[in-house]
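Working notes, beginning with the structure itself.
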Amino acid sequence: MALEIVVMIKQVPDSQEVEIDPVTKTLNRMKARNVLNVADDNALEAALSIKDKVDAHITIVSMGPPMADEAILECMGKGADRGILLTDRAFAGADTYPTGLTLAAAISKLDHFDMIFAGEETSDSSTGHVGPGVAEFLGIEQITYTQSVRFEDGYVIGERELEDGVEIVKAKPPVLITVRLGSNIPRRQTLRKKIDALRKGVESWTLQNLGIPPEWVGFKGSPTVVRSMKTIKEKERSAKRITIEEIGQMVKELSDSGVLKMEVKEQ
Amino acid sequence: MTGLINAVPTDKPDEYRNVFVFLETRKGSVVKSSLEMIGIGREIADKVGEKLVCVIIGNHLEPMAEEAAKYGCDKVLGAESPDLEDFKTMPYAHYAAEFISEEKPNIFLIAATHDGRDLASRIAVKSRTGVTADCTVIDIDPKERILLANRPVYGESTLAEILCKNHRPQMATARPGVFKVPDRVDGKNCEMDIRKVKVDPDLIRKEIIGFRPKEEFDITGADIVVSGGIGLGKKEGFSMLQELAEELGGVVGASRPAVDVGWIERDHQVGQTGRVVRPKLYIAAGISGKAQHIVGMKLSDVIIAINTDPDAEIVKYSDYFINDDVYNAIPAILKEIKKLKGEKVEEITT
Ligand SMILES: Cc1cc2nc3c(=O)[nH]c(=O)nc-3n(C[C@H](O)[C@H](O)[C@H](O)COP(=O)(O)OP(=O)(O)OC[C@H]3O[C@@H](n4cnc5c(N)ncnc54)[C@H](O)[C@@H]3O)c2cc1C
């Protein structure tokens, strides 16, 4: 039986194009193109490299507005077999709790799954909390922040990047895996797969398909609310112009103020 | 298992009292970022006159619990078992959630390390509450006892204040390196409640089969960072920076492209996809100052920029700007430092 792999992805504003308005200091999302979240692309690559070796079937699941089907088609163009977009006005404004719940509800509607992949976090929210949330809703174990994943003798082996080293973890499916940004080089789409993807299309699921109440999802289902947004005041810096001749004076200033410690070793 | 279930508001928020912090452990000691949680947790608990409770899960907990107590908590609540020796998400989340349902804390803080984030939202879902990620400013409304969890958003330009008004506990993960480690004081009073537990075998579904300690060079603790970018033009430029860094007792940093072209190893990279440094002095030599680099160094106390381009973006982030070639400026700084040290030597010897 083919290994059933789910990859959770999100379409996000392109962080290279996102401009921060110099006056309001908020994100100017209007200008940015929407792209596949880069860590999710790494997650898909990790899943595809398993599919390269064993018989596997990959389903992409994403929650987002209708235009997010582009990102799903891109994943299918790289080799995913099926794409499902969870799209409904009721899903809007969700924090990590109902986002995880919505994704988990959709995944639980699939016949079967062995592995769920996700990026370590998204570039637009950077919480890293959604993947583990999904694992909790589904009652499965997880291997987060992996820099490499392999499937061997019926076990998933993931190398987790931690602050002080790399932990190697072994788990039996079903398991959720989150993948480090930049941990692999995602493959490109092929023309044939792109055409196939367009022919298959992306399935669109609404709240009705999930069978959970409307007050559980989106803004209504979110325990947290954003109360305010404040510009972070950058430290004012004087950019004092220094010529080569004035460097001696600068060094002296820094030494006097204790920034530079002129420790003199015993001669 | 939690199952597919919604978050539920608490109808009796008054029943929820005290502040929990999670203690992450490594090789028999509590990690620094968890001590930082004791610091901020203590502050918050004191503001509302509540207790600070440290939650610790693992094996051989007593020495670690004793150690944590020295940083100032009122109680350590532990679940101990040989099965909990290694970090395993499901049993760890299970015991943390059990402690929550038993003790009903108002607030639960966890350091936003990889293991901390791995665990936090699972505990939140189990407790059917919310969690705010990666906070850098944490406070409490003293009257309502509402946690004010602030996190940077939009490329660190904006601070969003996020509340979890109706659900308990109010949970947050907090960015490591932001909050202070409290002073360590011997002989503080602290209640110890370490329980030997028998872990349900169904919760043990992963196994740690190996660990490779990081051999990387760590630039994050240095007081002085001398960084180079593409403006150095060649690999040898980094030898020059190394000499200056050594003279100053600092380390060498780099922009990503300088790493990408192979002039220096990746563990020296400063920025969004590298390290975040916060030294007393940061020297940016031949670095243009793109946003992804700036986020990694803007918290430095003093910044010196060296750039041939008078309009480079780095200029506005600098305290001192040397509008000259790096190969003129760096040797001049080195010379002046040696000169000043020479004068100090004379002062001592005469
Ligand atoms: C997703 C993402 C993540 C990224 N993460 C990082 C990151 O973590 N860290 C990082 O640094 N970058 C990162 N970048 C890259 C970043 O956008 C910039 O490209 C990079 O910081 C520029 O490096 P640089 O300043 O060395 O090079 P350049 O931008 O090429 O600047 C070179 C500078 O040197 C000056 N110069 C030239 N010759 C001399 C000379 N002889 N003397 C003095 N000055 C001279 C020039 O005027 C110029 O200002 C990231 C980009 C992306 C898209």
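Both backbone and side-chain heavy atoms feed into the values below; hydrogens, waters and symmetry mates do not.
Proximity to chain A (any heavy atom under 4.5 Å) is shown, for B:P176, by neither the backbone nor the side chain. For chain A, the nearby parts of B:K298 are the backbone and the side chain; heavy atoms of each come within less than 4.5 Å. Proximity to chain B (any heavy atom under 4.5 Å) is shown, for A:E245, by neither the backbone nor the side chain. Looking at A:E253, only its side chain comes within 4.5 Å of chain B, counting heavy atoms on both sides. For B:T129, the part lying under 4.5 angstrom from a heavy atom of chain A is the backbone only. For B:D86, no part sits under 4.5 Å from any heavy atom of chain A, backbone or side chain. Neither the backbone nor the side chain of A:E215 has a heavy atom closer than 4.5 Å to any heavy atom of chain B. If you measure heavy-atom distances from B:I209 to chain A, the contacts under 4.5 Å come from both the backbone and the side chain. If you measure heavy-atom distances from B:I306 to chain A, you find no contacts under 4.5 Å at all. Contacts of B:V315 with chain A are made by both backbone and side-chain atoms, with heavy-atom separations under 4.5 Å. When heavy atoms are compared at a cutoff of 4.5 Å, B:V8 does not approach chain A at all. Contact of B:R128 with chain A is made through backbone and side chain together, with heavy-atom distances under 4.5 Å. Heavy atoms closer than 4.5 Å to chain B are found nowhere in A:D95, neither backbone nor side chain. No part of B:K338 comes within reach of chain A, as not one of its non-hydrogen atoms sits under 4.5 angstrom from that chain.
No other option in A:S257, A:S126, A:S228 has as many heavy-atom pairs under 4.5 Å with chain B as A:S228. If you tally non-hydrogen atom pairs under 4.5 Å between each of B:R212, B:H167, B:K335 and chain A, the highest count goes to B:R212. Among B:S33, B:A124, B:P279, B:A7, the residue with the largest count of heavy-atom pairs under 4.5 Å with chain A is B:A7. No other option in B:I5, B:I303, B:L281, B:T113 has as many heavy-atom pairs under 4.5 Å with chain A as B:I5. Between chain A and the options B:A329, B:A133, B:A332, heavy-atom pairs under 4.5 Å are most frequent for B:A133.
In this structure, CG in B:D223 is found 10.5 Å from CG in A:L260, a value given to the nearest 0.5 Å. Separating the CZ atom in B:R26 from the CG atom in A:L162 is a distance of 5.0 Å, to the nearest 0.5 Å. With rounding to the nearest 0.5 Å, the separation of NZ in B:K206 from CD1 in A:I157 is 14.0 Å. The NZ atom of B:K214 lies 6.0 Å from the CD atom of A:E161; values are rounded to the nearest 0.5 Å.
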Practice task
Using the salt bridge (Lys or Arg N to Asp or Glu O under 4.0 Å) rule, take B:E336 and A:K252 through it: C-alpha gap first, then chi angles, then the decisive distance, then the call.
Solution key: CA-CA 9 Å; B:E336 291 300 334; A:K252 201 166 171 309; over 6 Å; no
Handout entry: side chain to side chain contact (heavy atoms under 4.5 Å, CB included) between A:H129 and B:T173, intermediate numbers included
Key = CA-CA 10 Å; A:H129 286 175; B:T173 59; 3.6 Å; yes
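Residue A:Y155 places its OH atom among 12 or fewer non-hydrogen atoms of other residues, nucleotides or ligands, all under 6.0 Å distant.
Looking only at distances, no side-chain donor or acceptor of B:Y317 sits under 3.5 Å from a matching main-chain atom of A:R237.
Remark: of the listed residues B:V302, B:I304, B:L248, B:D301, B:V302 is the sole one forming a side-chain contact (heavy atoms from CB on, under 4.5 Å) with A:V259.
A salt bridge links A:E136 with B:R122; the closest basic N to acidic carboxylate O contact falls under 4.0 Å. For the pair B:D319 and A:K240, the salt-bridge criterion is not met [side-chain N within less than 4.0 Å of a carboxylate O].
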